[in-house]
Amino acid sequence: LAAADLDSRVYATLNDTLKVTTISMARSRNRASRYAAYVDHLHRWANSLTVEGCAMDAERLEWIFFAHNGRPPLPACT
């Protein structure tokens, strides 16, 4: 799998499912800043999930983003 394919799938989940962009995370269009902000957020999200009782690390969370590939979110439970 090419790096571009990985990036496009992760970006699809960020942009289409989570409605967030790396530009908004970094508050910059600079590619290096955007990547650093993404990695920082990924670690923070993983830590938050772990604190909430769902043990998670950043590598696993990124794999979930990759596998999800921007599908619409599941409807909330009622």
Side-chain angles (χ1 to χ4, degrees):
L1 194 59
D5 293 331
L6 171 65
D7 289 347
S8 68
R9 292 174 66 102
V10 170
Y11 282 133
T13 298
L14 290 171
N15 299 334
D16 300 338
T17 304
L18 299 177
K19 307 295 186 207
V20 66
T21 67
T22 56
I23 293 170
S24 66
M25 287 180 197
R27 298 184 181 144
S28 169
R29 290 192 167 277
N30 177 275
R31 190 165 178 82
S33 296
R34 290 167 50 195
Y35 181 73
Y38 163 70
V39 171
D40 179 61
H41 277 78
L42 197 63
H43 282 272
R44 284 200 257 160
W45 290 330
N47 287 336
S48 292
L49 287 166
T50 298
V51 167
E52 294 296 320
C54 180
M56 184 66 58
D57 62 33
E59 185 176 314
R60 175 73 175 157
L61 188 56
E62 186 171 47
W63 182 90
I64 291 168
F65 286 3
F66 169 79
H68 186 72
N69 194 24
R71 291 189 305 270
L74 296 172
C77 297
T78 57

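Computed from a prediction, not measured in an experiment: that's the story for all the values here.
- Ser33 meets the side chain to side chain contact (heavy atoms under 4.5 Å, CB included) test with Ala26, Ser28, Asn30; sequence neighbours excluded.
- With sequence neighbours excluded, no residue forms a ring-ring contact (aromatic ring centres under 6.0 Å, His included) with Tyr38.
- Among all heavy-atom pairs drawn from Arg9 and Ala67, the shortest one is NH2-O, 3.7 Å.
- Put simply, CE on Met56 and CG on Leu49 are 5.5 Å apart, with the number rounded to the nearest 0.5 Å.
- Residues passing the ring-ring contact (aromatic ring centres under 6.0 Å, His included) test with Trp63: none are found, sequence neighbours excluded.
- When every heavy atom of Asp57 is checked against every heavy atom of Ala46, the shortest pair comes out as C-CB, 3.6 Å.
- Between the CD atom of Glu52 and the OG1 atom of Thr50 there is a distance of 10.0 Å, given to the nearest 0.5 Å.
- Taken together through direct or relayed side-chain contacts under 4.5 Å among Ile, Leu, Val, Met, Phe, Trp and Tyr, Leu14 and Val39 form part of one hydrophobic cluster.
- Within the structure, no pair that satisfies the salt bridge (charged side-chain N to carboxylate O under 4.0 Å, His left out) test touches residues 14-33, not counting sequence neighbours.
- Remark: Asp40 engages Arg44 in a side chain to side chain donor-acceptor pair (under 3.5 Å) (not counting sequence neighbours).
- Residues that satisfy the side chain to side chain contact (heavy atoms under 4.5 Å, CB included) test with Ser48, not counting sequence neighbours, are absent from this structure.
- Considering only residues two or more places apart in sequence or on other chains, Thr13 meets the side chain to side chain donor-acceptor pair (under 3.5 Å) condition with none of them.
- Leu18 and Phe65 make their closest contact through CD1-CZ, 3.8 Å (heavy atoms, listed as atom of the first residue, atom of the second, distance).
- In this structure, His68 contributes its side chain and Ile64 its backbone to no donor-acceptor pair below 3.5 Å.
- For the atom pair SG (Cys54) and CZ (Arg60), the distance works out to 9.0 Å, reported to the nearest 0.5 Å.
- Not counting sequence neighbours, the partners of Asn15 by the side chain to side chain contact (heavy atoms under 4.5 Å, CB included) test are Tyr11, Thr21.
- Glu59 has its side chain out of reach of Leu42: every pair of non-hydrogen atoms, C-beta onward, lies at least 4.5 Å apart.
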